[in-house]
Every structure is written in C-alpha cells, then in structure tokens.
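The structure appears below as structure tokens.
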There are 2 protein chains.
Amino acid sequence: MSPKSPGGYKMVLVVRGELRLTPGKAAVQVAHAAVMLVEAARKRQAVVLDAWFAGGQKKIAVVASNLDEMETLLRVARAKGLTTAMVEDAGLTEVPAGTKTVLGIGPGRADEIDAITGDLDLL
Amino acid sequence: MSPKSPGGYKMVLVVRGELRLTPGKAAVQVAHAAVMLVEAARKRQAVVLDAWFAGGQKKIAVVASNLDEMETLLRVARAKGLTTAMVEDAGLTEVPAGTKTVLGIGPGRADEIDAITGDLDLL
C-alpha cells in the first residue's frame, strides 16, 4: 500500500489500565510516548513520519489490562517493523520509578496498527 | 540563569476545562500539543529543547477554565518569548472542528513557565 493509502497513518498510545492513573498523569505519559515515537521515527522512518504529519498527526489512546498484555503488543509491533516506545515513569508522583506506563506504536499504516491494537478499549 | 539552573526545563499543557473532554480525548490533545511544541522548539530554541530532553522531557498537564483564560495565557507566554502551540481539534469526535482544546507552553525554564501557569489546577 502506498503512503497515500485510504486508511492513512496513525499512532496508538496504549495505557496500562491496572495502574489506574489520574487523567492528568495518563495524559502526560501519553504525550511522553508520542514525543518518543516522533524522535524515533525521525531516525528510522522519516517518510512515514512526514506522511503522518501531513495527515494531521492522527493519534488514539487505548487501554491494555496489564503489563503482560502491553509487552505482548510490543513484541508483535516490533516484529511487524513498526516504531515502538515504552514509557518508564520517573516515579516522582503516582507510581514507583521505572514503572512502565504507556506503550506507543507508530506512526504506521492504520491497517497494520489496527491489526494489533484494534480490539482494545478507548482510554 | 544557565541551562543548568536548578529548576531545569519543563513543558506545560493547558487543557480547556469547560469542554469536559474524556480522559482519552484529553490525553490525545495533550500529546498533540507536546509534539507541536517539540517541532516548533527544534526550529526556534534548539538549545532549550536539548536541555529539556536531557532533563527527562518534564511535562505537566493543568486546566484553564475557558478559552478566554487560555488566550490570555497564550499572549503572556508569547510576550515572554516562550514557545507556544494551540491545538485546534479536527472535530472528528467530541467537539466541532476548529475547537481550541489545549494550549502548550515550552519547553522553557521552569521558573519562567511557573510564573505564568503555576496557579492552575492539575488536570
């Protein structure tokens, strides 16, 4: 599929539901993942990054039940060649330092990412 | 103050409280602002951006009551020379297209940003 595929490009931010983060904490961790993904994609998939920006930098935030589920999604996304980022919190507030809070996937083709995260509930 | 000032660097994301966005929508809009700020700062304040990354890309999400308050904060931040970004939603879901949802300020010196947004409640 070309960069002009109808589905376009997206980024998905998977929040670890079991941590029950406050909305503000979740928002900051999601933003952290998005920035990490942009930095990583600039180095490894600049054409995809540009296409994603051109399409309005589409993002979606969803929830995984627990760390096991997040790590499974991470492995699958990596195996597909997608850009990934796992946020580890600095631990200054709600959770211990090093706690994995959000998995970011993309930017990538919407159909490829949906095949991995399409069944997860919205945040 | 030098880039090694004790307060360090931060980014503040100001969510428009009156819209009562869902946590997931707020998180995505906050992430959108953060990415816009990083892109803008790379062009106009690369040294500050690098210092902010080196310090762990510190972010905080807060709430403004309404659009008037957000626009006042935007003017003050711009007058101080800070990097700013106003997110206008694409309007695919909870709010009409073009609705201003989040104001991003920074990265910048923590003391400078706190002087502008330090009185706002956390998201």
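Here is how names work: the chains are called A, B, and so on, in the same order as the sequence lines, proteins then strands, and each is numbered from 1.
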Discussion item. Please determine whether the number of non-hydrogen atoms from other residues, nucleotides or ligands lying under 6.0 Å from atom CZ of B:Arg20 exceeds 12.
Written reply: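 No, not enclosed.
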Structural part of [X] lying under 4.5 Å from a heavy atom of chain A:
X: B:Val28; value: both
X: B:Leu37; value: neither
X: B:Gln29; value: neither

Discussion item. Less than 4.5 Å apart, side chain to side chain, heavy atoms only: is that true for B:Leu73 and B:Thr84?
Written reply: no
Fill in: Nearest heavy-atom neighbours spanning A:Gly24 and B:Ala61
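So the minimum-distance heavy-atom pair works out to O-CB, 4.1 Å.
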Worksheet item: Can A:Leu120 be reached from A:Leu74 by stepping across I, L, V, M, F, W or Y side chains whose heavy atoms are under 4.5 Å apart?
Response: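 A:Leu74 clusters together with A:Leu120.
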